[in-house]
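Notes to accompany the following structure.
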Protein chains: 2
Amino acid sequence: MHAYEKIRTEMLQRISQQVWPAGSSLPHEEQLAEEFGVARGTVRRAMEQLVDQGLLERKRKAGTKVAARNAHSSTLTIPVVRREVTDSGAEYGYSLLSARKGGRPLDRSGYFAGAPLLHICCLHLSDGRPYQLEDRLINLAVVPEAEVQDFSEISPNEWLLQKVPYSSVCTTLKAEAADAKQSRHLQIAQHSPVFVIERQTRLDKQQVTLVRMSHPAAGFSIITQTNWIDIPDPE
Amino acid sequence: MHAYEKIRTEMLQRISQQVWPAGSSLPHEEQLAEEFGVARGTVRRAMEQLVDQGLLERKRKAGTKVAARNAHSSTLTIPVVRREVTDSGAEYGYSLLSARKGGRPLDRSGYFAGAPLLHICCLHLSDGRPYQLEDRLINLAVVPEAEVQDFSEISPNEWLLQKVPYSSVCTTLKAEAADAKQSRHLQIAQHSPVFVIERQTRLDKQQVTLVRMSHPAAGFSIITQTNWIDIPDPE
DNA sequence: ACCTCTATTATGTATAGACATATTATGCAT
DNA sequence: ATGCATAATATGTCTATACATAATAGAGGT
């Protein structure tokens, strides 16, 4: 275990056992460096990670304080659907439902500013059962290749992620009651709960794509795990 | 703008514009340091952040490659309910529904290994309307103070976050159809969709608390935003 | 061809020192 | 006291260097 890891763990302990309670000030870098017998840069490195995790707050001259925890943060990872299905041990299936130019039923907010659009609907299956309904708009002004691409074998999800660059993503998670389309394709009763992920992808100022991914609520969940203290090794 | 920020932005550009396409190898650190006219440490600093964001993969001797993007990662922040409500401009309300020892209706999986439990139900309101139903188990072996704490004014959510240390959190997001309890307290029709956040909090090996937070699906969503390219300043 | 040992190499960790900068604390003048 | 300029200070950035380490590439022997 490296010096900065030991120090980070030690500091984590002191925070979680309230040796350094929330709101209190830490000794400054040079003092800690002396205490731990390392260079200032090594202490900084340990502290930076704790700042990233939101456990410490630092300000020039004012020093370092233990942050008041008033939120839970974690990293949300949403893999490509195919991986999500295969990683669960199930067999992945895919079928294109429709692909036509010009549609904008999803484009309620006018994100695309009149650009030519491609509207794609497709279904992702897990062991033959409907897993996700993907309803997507692609901006042909940004991604002209999409118009001639055949999406009957590869899903737009995967194709876009691999081929098309983007610089900003906005993800929205919500629950809904299944509408006619969702209930038909996902083979669930109307008005039964659906977990929806909406994602808006931009390249600089331009919208690249807008997608709604609907999952039957039964059996679907998103899980995130955060560990602050490093896994205690058996020595 | 600092040197490491400029370099990070430049590298981000090269990745998103596919000057360095996914899978390709980057020049090694010393070459880049020379190209940008900085020390190796400064290049490292820029690269580390890109590695954290999952855009680069590095391996000793093998070098640095642009990672294949096969997932969307973002940071999920779930604030204390009260803040969530007040930040939206609404008035926050709270009412304790029940608090009694020994219950374990939530403890389906036997997480708490027979420890003495406190079971609390409460409701969080936004502008007088039900916003979240909180259904919580607290491990009294870890948090004995909870037994004598009065939760009629302060919610267990807030109290625990501030008072009790923890080292690991597992969060699950799902959609459900409202059961009798949810529909009654959230004032929605039975079987209408509910957005549920379940959180399991541990301190080392011990369960601290297990909570189910149910929101009426209508009007509730979780939003995350990720920006890879730094905001372009007007100069 | 195949295995093994060795050298090479790019990244990883750590140090020490210099300087920059935001922010607080101090002291002076009013 | 009050306001303002100034000094002090903890964090932030950057450099230069040394050595550690993992993983590959290459040499050599079988």
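Just the heavy atoms: all of them, side chains too, but no hydrogens, waters or symmetry mates, feed the values below.
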Scan side-chain atoms only and decide if A/Q149 and A/E145 contain a donor-acceptor pair under the 3.5 Å cut-off.
-> no
Kindly write out the residues that satisfy salt bridge (Lys or Arg N to Asp or Glu O under 4.0 Å) with B/D150, not counting sequence neighbours, or none if the list is empty.
-> none
Residue pairs meeting salt bridge (charged side-chain N to carboxylate O under 4.0 Å, His left out), one or both in residues 161-172 of chain B, sequence neighbours left out, come to none
Nearest-Å distance, CD (B/E5) to P (C/dT21)?
-> 13 Å
Could you label the plane-to-plane angle of the B/F220 and B/H215 rings as parallel, tilted or perpendicular, counting under 30° as parallel and over 60° as perpendicular?
-> parallel
Which pair of non-hydrogen atoms, one from A/P156 and one from A/C122, has the smallest distance, and what is that distance?
-> CD-SG, 4.0 Å
Does anything in residues 31-41 of chain A reach DNA chain C, meaning a heavy atom under 4.0 Å, and if so which residues?
-> A/V38, A/A39, A/R40
Using only side-chain N and O atoms of B/K59, determine if any of them is under 4.0 Å from OP1 or OP2 of C/dG12.
-> no
Sequence neighbours excluded, which residues qualify as ring pair (Phe, Tyr, Trp, His ring centres under 6.0 Å) partners of B/Y94?
-> B/H124
Calculate the interatomic distance between B/R45 atom CZ and C/dG12 atom P; express it in whole Å.
-> 16 Å
Go through the structure and list residues passing ring pair (Phe, Tyr, Trp, His ring centres under 6.0 Å) with B/F36, not counting sequence neighbours.
-> none
Could a donor-acceptor pair under 3.5 angstrom be found where the side chain of A/K61 meets the base of C/dT21?
-> no
Nearest heavy-atom contact between A/I222 and A/F195 is CD1-CE2, 3.9 Å
5' precedence on DNA chain D between A/H2 and A/H28 (nearest-nucleotide basis) = A/H28
Which residues within residues 62-70 of chain A lie with some heavy atom under 4.0 Å of an atom in DNA chain C?
-> none
Salt-bridge present (A/E198, A/R212; N to O < 4.0 Å) = yes
How long is the line joining CE of B/M1 and P of C/dT21, in whole Å?
-> 16 Å
Can you pull the salt bridge (charged side-chain N to carboxylate O under 4.0 Å, His left out) pairs that have at least one residue in residues 69-95 of chain B, sequence neighbours excluded?
-> B/R82-B/E158, B/R83-B/D87
Salt-bridge criterion met for A/E10 and A/R14 (N-O under 4.0 Å) | yes
Residues within residues 46-57 of chain B bordering DNA chain C, heavy-atom distance below 4.0 Å = none
Sorted by first residue and then second, give each salt bridge (charged side-chain N to carboxylate O under 4.0 Å, His left out) pair with at least one member in residues 46-60 of chain A; sequence neighbours left out.
-> A/E29-A/R58, A/R44-A/E48
Does C/dG12 have OP1 or OP2 sitting under 4.0 Å from an N or O in the side chain of B/R44?
-> yes
Do the side-chain N or O atoms of A/T42 get closer than 4.0 angstrom to the phosphate oxygens (OP1, OP2) of C/dT15?
-> yes
A/W20: ring pair (Phe, Tyr, Trp, His ring centres under 6.0 Å) partners, not counting sequence neighbours = none
For DNA chain D, note the earliest and the latest nucleotide, 5' to 3', having some atom under 4.0 Å of a heavy atom belonging to chain B.
-> D/dT13 to D/dT24
Spell out yes or no: do the side chain of B/R60 and the base of C/dT11 have one donor N/O and one acceptor N/O closer than 3.5 Å?
-> yes
Over how many whole Å does the gap from A/R8 atom CZ to C/dA14 atom P extend?
-> 11 Å
List in chain and number order the residues that pass ring pair (Phe, Tyr, Trp, His ring centres under 6.0 Å) with A/Y166, two or more places apart in sequence or in another chain; answer none if no residue qualifies.
-> B/H72, B/W228
